[in-house]
Each structure stands twice: as structure tokens, then as C-alpha cells.
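Read the structure below first, then the notes.
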Amino acid sequence: MQLYKSQQIKVHNSLTGKKEAFKPINEGHIGMYVCGPTVYSNVHLGNCRTFMSFDMIFRYFKHLGFKVRYVRNITDAGHLENDADEGEDKIAKKAKLEQIEPMEVVQRYTVDFHNTLQKFNLLPPSIEPTATGHIIEQIEIIKEIIANGFAYEVNGSVYFDVITFNESKEYGKLSGRKLEDMIANTRELTAQSEKRNPQDFALWKKAEPQHIMRWPSPWGDGFPGWHLECTAMSTKYLGETFDIHGGGMDLKFPHHECEIAQSEASCGKSPVNYWLHANMLTLNGKKMSKSTGNNIYPSEIFTGENDILTKAYSPSVVRFFMMQAHYTSILDLSDTALLASEKGYFRLVEAMEHISKLPVSKASTFDVKAWQQLCYDAMNDDFNTPILISHLFDAVKNINLIKEGKATISDADLLVLQNTMTSFVHDVLGIESQAGATEDSSQTLNGVIEVLIGLRNEARANKDFATSDKIRDELIALGIQLKDGKDGTNFSLNQ
RNA sequence: GGCAUCGUGGCCGAGUGGCUAGGCACAGCUCUGCAAAAGCUUGUACAGCGGUUCGAAUCCGCUCGAUGCCUCCA
């Protein structure tokens with residue numbers, strides 16, 4: 001039997017603002033779409049957190065035995081930097097700056113994006129479609145929207161008619177906005193616009209002669225509007241209505257709102273059953289921003305080359321840190337927070353290594369089955385990874401107790417414990433035991449340390465504590481910690 | 001200015017009408033040649049002010065503060 005049949009998941013649906021029981025359209029199958037990055041610069045850390053959150057969700061679904069089609073797009077069409085008609089295309093701008101082809105910009109930052117996510121141990125999505133690869137699909141949707149009377153053409157551009165749409169449908173239902181309020185609050189328009197109303201948004205933009213990224217269309221040469229690609233690609237690969245759509249909080253309005261409008265205007269159906277939004281990441285309590293310098297790139301964290309943190313942190317530690325917060329909460333990244341997580345991470349990873357060496361007894365002093373269900377309960381409750389981790393630390397404590405002979409575990413329970421820990425730590429949370437794990441270091445180094453441990457134990461036996469302490473202290477200075485236990489001396493590498 | 005989310009012990013971060021997650025730090029104890037590691041014990045916190053209630057950190061109102069969106073943004 002598949003695990004999902006015995007676990008009931010609840011998710012926080014942004015559309016209703018409530019936690020709801022999750023029921024996929026087709027039993028055992030899940031269609032999930034997540035808005036991907038615009039590849040015109042290096043991925044920033046906040047992006048990584050969002051994608052990591054959905055990676056964890058993807059992993060949990062897979063763990064439960066669901067067949068998941070996870071689509072995450074790459075936005076490689078430039079779009080415009082602002083709403084004004086003379087706005088500049090982000091990718092074209094970067095290309096001009098670096099004197100290269102726009103597609104070289106796209107290629108470079110797509111590679112950076114993939115590399116970074118791989119370091120964070122994100123699984124690749126099932127499909128990673130690009131906007132430029134789906135121009136035809138986008139044009140088709142525009143035709144439908146026009147045919148249905150929800151869009152109009154002006155001078156080679158096509159705009160979505162929000163006011164007309166709102167007469168029969170509801171614009172703003174996702175973000176809790178009322179069109180009347182929006183109209184009342186609209187700031188005076190900059191320049192004269194082609195749009196009938198400021199709330200309207202572009203489905204297709206006419207390309208000015210200097211605009212490099214352009215495609216032919218029934219309305220002339222141009223490029224697709226900001227929100228259309230997601231509608232086109234999600235519809236193509238997941239259908240007119242699918243299970244989950246995710247993305248960062250900041251996309252809720254207008255991006256996701258427009259997606260809903262586009263779908264309802266073209267095929268008449270609401271596109272998504274469950275909208276999931278991941279919350280922001282701040283740095284030292286403030287919004288990350290390149291202009292104020294309150295910003296850090298993933299690579300700068302890994303190398304330690306930055307002015308914000310006191311040391312380097314491995315991708316696994318950063319991932320663990322992020323998993324210690326719920327995906328819907330704002331999370332603040334700081335050196336002290338990272339430091340605390342790193343210690344906890346090492347404790348968890350070390351306990352994992354001890355599991356296979358644990359002594360077994362006839363009976364267990366720890367209810368492994370009940371504990372296991374608590375782990376599932378945590379994840380079933382809107383993917384509550386912080387609670388899951390608190391249970392994992394419960395297991396850590398028990399593992400250490402058993403190791404020291406202060407608690408016992410049966411053969412069967414040990415197997416359950418081992419499988420459950422591996423499933424949740426590695427498969428679901430995606431946390432790897434890199435950096436700090438002895439098994440990752442070279443055999444040679446292990447051998448050398450074992451020799452030193454032997455020498456130290458000889459010195460201790462001879463009460464030559466000056467020598468034994470010297471070995472211990474000099475090793476710790478190198479990041480090698482010796483741990484004296486009942487069953488001899490172990491060590492760990494804490495980078 | 002409008003909309004939204006939030007304000008929890010030294011720090012990070014769950015929870016959410018009564019039964020006090022967890023991590024890190026701190027203190028005491030056990031262990032140890034001394035430490036470290038590990039284990040045990042202790043911390044009674046929920047921005048402020050009102051209100052609802054037998055009972056609120058959890059519900060309501062106001063105030064203050066933070067963050068996000070309102071223009072591309074995860």
C-alpha cells in the first residue's frame with residue numbers, strides 16, 4: 001500500500017486563507033507548478049529558500065508514494081522592467097551591459113541557478129520549461145482571451161481588460177483586493193498609456209525596433225506579457241486545472257492574480273486548487289537588497305567571503321537552518337542563527353552515523369512506532385518541518401542514550417528508527433551528511449587520526465597528560481574533535 | 001496612503017482558548033586524569049492597553065513596531 005493512503009495532508013491554501021485537507025484531482029497523482037527565476041543575474045538567497053521549500057514539499061509527496069509532475073519554469077524572455085511603455089527589458093539590458101547576446105545572459109545565469117540549487121541539494125523538477133520555448137502557446141491563449149472579450153488590441157500590443165473581467169468574474173480574490181479599492185488608490189499614471197485602465201496588464205507587447213527579443217504574432221512583432229508564460233506552460237503540462245501552484249509571497253499580487261484571470265478568461269476555469277506561498281527571507285532583520293548592500297549570495301556563504309557572516313557555512317547547514325522555520329513564516333538569516341543551526345546540524349548528523357552501530361536488546365525503552373507517526377503528523381500539518389525536526393532531535397537523544405547503554409532498542413525497532421531517520425533527514429528534508437561526517441573524509445586522514453588517538457591513549461595510560469592534551473588540543477585547532485566514550489575514542493571533523 | 005502578514009523566554013524558531021515544541025547559549029549535576037562529547041535538571045516567555053470568557057500568549061478592538069505587496073522581484 002502506498003503511504004499516502006494512510007496519511008492525510010493539510011495545506012494552507014492562500015486562496016481561502018485556511019488550512020484545508022489536500023485532495024489531488026487524480027488519486028495518487030499530483031500536478032505542481034512553481035514560478036521559477038528570471039535568469040538575468042545570479043540567483044539570490046531568497047529565491048533559493050522558496051525553491052527549497054517546494055523541493056521539500058515535492059520530496060515529501062514522493063516519499064508518500066505520489067506520482068508528482070513538478071513543473072518549474074525558467075523565465076528567459078526579458079519582459080520589461082516597469083509598467084511604462086518605454087521600459088527596458090531586463091535581459092536585454094544585461095546583455096547590452098556585458099556586450100553579449102541576450103541568450104548568453106540567459107545561459108550563464110541558468111547555469112548558475114542550476115549549480116546553486118544543486119549545492120543546496122534540490123531535486124530537479126520533472127519539467128523545466130522556458131518562456132521563449134512556449135511563444136506559440138502564449139499566442140494561442142491571447143487569441144482565446146480576445147475571442148472571449150477579455151482583452152483588446154492597441155497599436156500592436158494586447159492588454160487584458162481587468163474591468164470587463166471583473167464584471168463576470170472576480171479579480172483580486174487571491175490577494176484579498178477589491179478592484180474598486182484599487183481603482184480608488186491608483187497613483188496618477190506616468191506618461192500616456194495605451195491601456196484603457198491602469199489595472200489592465202499586458203498580454204503581448206509590441207517590440208520597438210531596438211528590442212532584440214521579438215517574435216512574430218497576429219498583432220505584429222513583439223513579446224509576451226509578464227504573466228502569460230506561467231499560464232501557458234502550466235496549462236500545457238498540467239492541464240486547465242491542476243493541484244498546486246506555488247511561488248514566493250511577493251508573487252501573489254499581481255502575478256498570481258493575473259494568472260488566475262488569464263486562465264478564467266481563456267478556458268473559463270479556475271486554474272489551481274491549492275495556492276501555496278512561501279514567505280520571505282530577511283537578512284539581519286531587513287529586506288535583502290542589492291542597492292543597500294544588505295545582500296548575500298549563496299556562494300559567498302559557502303566560501304565565507306563576505307562582510308556579514310563570521311565564517312563559512314556549508315549548503316547543508318544553510319538548508320537545515322531554513323528547514324528549522326516553517327515555509328510560510330518570514331525567516332531572518334543572521335550569523336548567530338546560522339551558528340546555532342550549525343551546531344544542531346552536527347549533532348543530528350552524528351547521531352545518524354551512530355544508528356547502524358547501536359546495540360540491540362529484546363525490548364525498546366522508546367516507542368519508535370509512536371514517534372514515527374509524530375514525524376508524519378508534523379509533515380502532514382502543512383509541511384511543518386520545524387516540528388518534524390524537534391521530533392528528530394527526540395530520536396537523537398534516544399540514539400545517544402542507547403549508545404551509552406542508558407536505554408535499549410529492539411532489533412525490529414532499530415530498523416524502523418533507521419529507515420525513518422533516513423527517510424526524513426535525507427529524502428524529505430534533503431539534508432546530507434557532508435562536511436563533518438567522518439565517512440566523507442579520506443581513508444588516509446582517518447588512518448592518521450587513528451594513529452594519533454592510539455598515541456594519545458598510550459600517553460594517557462602512562463599518565464603523560466601533557467602529551468595527551470597536546471594531541472587533543474592541536475587536533476581541535478584543526479577542526480578535529482576527539483570524543484572519549486565508553487567504547488573508546490571517536491572523532492568528528494567540524495570543518 | 002491602501003492591502004496583507006506578523007510581533008513568543010538571552011538568541012533562533014514552533015504552537016495557538018486550559019495539558020508549558022525543538023535548536024543554540026547560560027547554570028548545576030553525572031561521566032572524565034582534566035576537558036570535550038553525551039545524558040540529566042533548572043529557565044514559567046508570548047509588544048502595550050482595553051474587552052469577551054470560568055480561563056487567553058492563543059478570540060475581538062485600539063496603539064506601537066516590523067516585514068512584504070501596491071512598479072520587475074522568490
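Comparing B:A4 with B:U41, their C1' atoms sit 44 Å apart, to the nearest whole Å.
Scanning for side chain to side chain donor-acceptor pair (under 3.5 Å) contacts around A:K96 gives A:E88, with sequence neighbours left out.
Classified by interplanar angle (parallel below 30°, tilted 30° to 60°, perpendicular above 60°), the ring pair A:F253/A:Y171 is perpendicular.
No salt bridge links A:D464 with A:R460; every basic N to acidic carboxylate O contact stays at or beyond 4.0 Å.
Nucleic acid contact for A:L281: base, since at least one base atom lies under 4.0 Å from a heavy atom of the residue. Looking at heavy-atom distances under 4.0 Å, A:D469 makes contact with a base. Within 4.0 Å (heavy atoms only), A:L401 reaches sugar-phosphate atoms of the nucleic acid but no base atom.
Across all strands shown, B:C49 pairs with B:G61; the Watson-Crick or G-U wobble distances both stay below 3.5 Å. The partner of B:G39 is B:C29, by the rule that a Watson-Crick or G-U pair needs both atom distances under 3.5 Å. In a base pair of the Watson-Crick type (N1 to N3 plus N6-O4 or O6-N4) or a G-U wobble (N1-O2 and O6-N3), with each distance short of 3.5 Å, B:A56 is matched with no nucleotide. Of all nucleotides present, only B:A66 satisfies the Watson-Crick or G-U wobble test against B:U5, with each distance under 3.5 Å.
Judged by closest nucleotide on RNA chain B, A:A337 is the one of A:A337 and A:D394 placed further toward the 5' end. Of the two residues near RNA chain B, A:T282 and A:H326, the one whose nearest nucleotide lies more 5' is A:H326.
A straight line from CZ of A:F321 to P of B:C24 spans 15 Å, rounded to a whole angstrom. Counting to the nearest Å, the C1' atom of B:C72 and the CG atom of A:D76 are 16 Å from each other.
In this structure, A:F54 and A:F383 have side chains that are not in contact, with every pair of non-hydrogen atoms separated by 4.5 Å or more.
Under 4.0 angstrom from either OP1 or OP2 of B:G39 there lies at least one side-chain N or O belonging to A:N400.
Aromatic stacking is marked for A:F465 over B:G33, as both cut-offs hold: 5.5 Å for the centres and 30° for the planes.
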